[in-house]
Number of protein chains: 2
Amino acid sequence: MEEKVMYIGMVCELTGLSERQIRYYEERKLVFPVRTKGGVRKYSFEDVDNIREINRNIKDGFRTFELKGMLNKRLHGRGQA
Amino acid sequence: MEEKVMYIGMVCELTGLSERQIRYYEERKLVFPVRTKGGVRKYSFEDVDNIREINRNIKDGFRTFELKGMLNKRLHGRGQA
DNA sequence: CGTGTAAGGAATTCTGACACG
DNA sequence: CGTGTAAGGAATTCTGACACG
């Protein structure tokens, strides 16, 4: 399901992270939610998985800019993680 | 995906129906969203499908109480629609 | 019966900033 | 750097009611 259907509150529930963390990952160009006409962020289950992985990597000592590099490689490579 | 993750606004977008219609189907015991601590309804993709079917049946001339009967039969029968 | 709407309140989310280290 | 928080505003949703037919 890559449909962007849930708000940040649900993402917090599903991941256990804070709104601040999730918005920060977006600021660092690691997650790309779409917006409601009113400006509210909408996420997909795929986004939730990515967010989980991002947080895991950060806990493992990676920096967001490093994760960004990894993300770009994936997008230019041949598939998933 | 039977996780209740989206708000009524998203259900409206996905189904093309009004909030009024969706809440009414709930009032008639045809849909069962869960609630946020604050009282906000949360729906699953399965709910969205059910809502679409309910509306289709209503357009075909069925009454909500008839659909309720059909729903009960399904739940007591041996599976899906 | 099934759905539209105006009404006021409550819950949720948004942005920008200050803080720590 | 990554995250917490208080602040004020804006978007979204909620309920109960009146309306039509």
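All chains are named by letter (A, B, ...) in the order of the sequence lines, taking the proteins before the strands, and each is independently numbered beginning at 1. We use all heavy atoms of the structure for the numbers below, so side chains are in, but hydrogens, waters and symmetry mates are not.
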Test log, rule side-chain contact (heavy atoms from CB on, under 4.5 Å), inputs A/Val48 and A/Met6: CA-CA 10 Å; A/Val48 171; A/Met6 54 188 125; 3.8 Å; yes

Dot-bracket pairing map - DNA chain D, Watson-Crick plus G-U, both contacts under 3.5 Å, | cross-strand: .||||.||.|.|.||.||||.

5' priority, DNA chain D, between B/Arg20 and A/Ile58 [closest heavy atom]: A/Ile58

d(OH, B/Tyr24; P, D/dG16) in whole Å: 16 Å

Rounded interatomic separation in angstrom, taking CD1 from B/Ile22 and C1' from D/dC14: 14 Å

Length of the CG-P vector between A/Leu17 and D/dT3, whole Å: 8 Å

C/dT13 phosphate, OP1 or OP2, under 4.0 Å from A/Thr36 side-chain N/O: no

Spacing of B/Glu26 atom CD relative to C/dT3 atom P, expressed in whole Å: 14 Å

B/Arg23 CZ to C/dT5 P, straight-line distance once rounded to whole Å: 13 Å

From A/Leu67 atom CG to A/Arg28 atom CZ, the distance as rounded to the nearest 0.5 Å: 10.0 Å

Atom of A/Glu2, atom of A/Glu46 and distance for their closest heavy-atom approach: CG-OE1, 3.1 Å

Residues B/Leu17, B/Ile51; criterion side-chain contact (heavy atoms from CB on, under 4.5 Å); working and verdict: CA-CA 9 Å; B/Leu17 303 180; B/Ile51 290 170; 3.6 Å; yes

No-hydrogen, no-angle side-chain donor-acceptor test under 3.5 Å, B/Asn50 and B/Tyr25: no

Touch class at under 4.0 angstrom, heavy-atom based, for B/Phe65 against every strand present: nothing

Between C/dT12 (P) and A/Lys42 (NZ): distance, integer Å: 19 Å

Intermediate values then yes/no, side-chain contact (heavy atoms from CB on, under 4.5 Å), B/Arg56 and B/Glu53: CA-CA 5 Å; B/Arg56 211 181 305 135; B/Glu53 195 182 326; 3.8 Å; yes

Phosphate OP1/OP2 of D/dG2: any A/Tyr25 side-chain N/O under 4.0 Å: no

Sugar-phosphate, base or nothing in reach of B/Arg63, heavy atoms under 4.0 Å: sugar-phosphate

Near-strand residues of residues 3-15 of chain A, defined as heavy-atom separation under 4.0 angstrom from DNA chain C: A/Tyr7, A/Ile8, A/Gly9

Donor-acceptor contact present, side-chain B/Arg23 to main-chain B/Ile8, <3.5 Å: no

Nucleotide nearest B/Arg35 (side chain, heavy atoms from C-beta), chosen from D/dT15, C/dT12, C/dT15: D/dT15

Gap between atoms NZ and C1', on B/Lys68 and C/dG2 respectively (whole Å): 13 Å

Base C/dT13 to side chain A/Arg41, donor-acceptor N/O within 3.5 Å cut-off: no

Criterion side-chain contact (heavy atoms from CB on, under 4.5 Å) on B/Leu14 and A/Glu3, from CA distance to verdict: CA-CA 10 Å; B/Leu14 296 176; A/Glu3 289 182 277; 3.8 Å; yes

Touch class at under 4.0 angstrom, heavy-atom based, for A/Arg28 against every strand present: sugar-phosphate

5' priority, DNA chain C, between B/Lys37 and B/Gln21 [closest heavy atom]: B/Gln21

Sidechain-backbone polar pair: B/Lys4 side chain, B/Arg41 backbone, donor-acceptor under 3.5 Å: no

Among C/dT3, C/dT13, D/dC14, the one nearest A/Glu19 by side-chain distance: C/dT13

Whether B/Asp47 side chain and B/Ser44 backbone form a donor-acceptor pair below 3.5 Å: yes

